[in-house]
Amino acid sequence: MGHSQAGKAENRERILTEASRQVRRDGLESVGVGTLMKSVGLTHGGFYGHFESRSALLAQALERALLEGEANAKVQGSDGPRSLSDIARSYLSRAHRDARESGCAIAALVSDVGRADTSSRKAMTDHIEAFVASVSEALGGDQEGAIVAVSAMVGALALSRVVADLARSDAFLKTVQDHLKALEVGGQSGGGR
């Protein structure tokens, strides 16, 4: 007797959820089909009933990781866009630094995706552009300032996860946060482009 469609969908969701978690924690190349399937209690052979290839799984896991990371970053507030200071404070926090599996997938995977296929780079590009657009809105439409802010935040978060000394890691987060606050103030007083 075959599996029901609901059971198949549930299994596919479990595979995708675990792959997304693994991708953020350990990188794109960390996901092996056999190990992944075993981790969700399914057989290796059953994988191809859910995905046409490992590459297709990775693209979908990356998209899932990016969407979840955006939701957790909370760039939009309940009543509209947040200020750059609010975004930076949340994004450049210790909690976000330490939450690689649930935080921003852009910072967690930027180097991996830079070496990935075109479809993975396109998927991340779309999310980077959305992040830039949200920050631009917080800066009153300043696209150049938004590119600088997003680059600084993603870079600082990624570097803070590498630096072994926690005090120094915190300094990366705090220093960029302080500089972005100055960018926001400068932009509001006419100093931005």
Side-chain angles (χ1 to χ4, degrees), residues 16-17 20-21 23-25 27-28 58-163 169-193:
L16 196 50
T17 297
S20 172
R21 188 183 69 75
V23 160
R24 267 195 282 198
R25 185 189 66 213
L28 285 175
L58 290 178
Q60 291 176 44
L62 174 61
E63 182 65 25
R64 167 77 59 92
L66 288 161
L67 289 170
E68 289 173 355
E70 285 174 7
N72 293 336
K74 298 177 186 129
V75 172
Q76 295 289 329
S78 59
D79 57 349
R82 297 169 63 200
S83 70
L84 177 58
S85 294
D86 289 342
I87 294 167
R89 189 176 316 106
S90 173
Y91 193 91
L92 297 171
S93 67
R94 288 177 179 164
H96 192 200
R97 175 195 62 205
D98 298 342
R100 187 181 316 249
E101 290 179 42
S102 61
C104 177
I106 295 170
L109 297 168
V110 68
S111 292
D112 282 11
V113 175
R115 291 184 292 272
D117 62 16
T118 303
S119 63
S120 294
R121 290 195 325 270
K122 172 75 172 98
M124 186 175 277
T125 297
D126 292 345
H127 290 270
I128 291 168
E129 292 297 349
F131 193 7
V132 169
S134 293
V135 172
S136 176
E137 188 175 354
L139 290 173
D142 180 359
Q143 277 287 310
E144 289 180 11
I147 290 170
V148 168
V150 168
S151 298
M153 286 189 284
V154 170
L157 183 62
L159 292 172
S160 75
R161 289 176 172 167
V162 172
V163 174
S169 175
D170 288 345
F172 276 80
L173 299 174
K174 175 88 170 84
T175 300
V176 172
Q177 206 178 118
D178 290 347
H179 279 269
L180 292 177
K181 186 175 185 177
L183 173 69
E184 180 177 47
V185 169
Q188 290 173 350
S189 66
R193 291 182 188 213

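Treat the numbers as computed from the prediction; the structure is a model and nothing was measured. Side chains are part of it too, since the values below use all heavy atoms of this structure and drop only hydrogens, waters and symmetry mates.
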Smallest separation among heavy atoms of [X] and [Y], with atom names:
X	Y	answer
Leu92	Leu173	O-CB, 3.4 Å
Cys104	His96	N-NE2, 2.8 Å
Ala61	Val23	CB-CG2, 4.2 Å
Ala158	Ala107	CB-O, 3.9 Å
Ser160	Ser169	O-OG, 2.6 Å
Ala88	Leu180	CB-CD1, 4.0 Å

Checklist entry - Side chains of Leu84 and Met153: does their closest heavy-atom pair fall under 4.5 Å? => result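 The answer is yes; the side chains approach within 4.5 Å.
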
Checklist entry - Does His127 reach the side chain of Glu63, with side-chain heavy atoms less than 4.5 Å apart? => result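 A side-chain contact exists here, since the closest heavy-atom pair is under 4.5 Å.
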
Checklist entry - With respect to Tyr91, which candidate in Val176, Leu157, Asp86 satisfies the side-chain contact (heavy atoms from CB on, under 4.5 Å) definition? => result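 That would be Leu157.
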
Checklist entry - Rounded to the nearest 0.5 Å, how far apart are CD of Gln60 and CG of Leu16? => result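 Atom-to-atom, Gln60:CD and Leu16:CG are 6.0 Å apart.
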
Next on the checklist: Under a plain distance cut-off of 3.5 Å, with no hydrogens placed, do Arg24 and Ser102 share a side-chain donor-acceptor pair?
Outcome noted: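 No, no side-chain donor-acceptor pair sits under 3.5 Å.
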
Check: [X] side chain, [Y] main-chain N or O, donor-acceptor pair, under 3.5 Å:
X	Y	result
Thr125	Arg121	yes
Ser93	Ser90	yes
Ser136	Val132	no
Ser120	Ala116	no
Arg161	Arg97	yes

Next on the checklist: Using side chain to side chain contact (heavy atoms under 4.5 Å, CB included), reason through Leu28 and Arg115 one step at a time and then give a plain yes or no.
Outcome noted: CA-CA 10 Å; Leu28 285 175; Arg115 291 184 292 272; over 6 Å; no

Checklist entry - Under 4.0 Å between a Lys/Arg side-chain N and an Asp/Glu carboxylate O for Asp126 and Lys122? => result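 Yes, this pair counts.
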
Checklist entry - Can you list the steps and then say if Val135 with Leu139 is a side chain to side chain contact (heavy atoms under 4.5 Å, CB included)? => result CA-CA 6 Å; Val135 172; Leu139 290 173; 4.1 Å; yes

Checklist entry - Quick check: are there more than 12 heavy atoms from other residues, nucleotides or ligands sitting under 6.0 Å from CZ of Arg94? => result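 Counting neighbours around CZ of Arg94, 12 or fewer heavy atoms of other residues, nucleotides or ligands fall under 6.0 Å, so no.
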
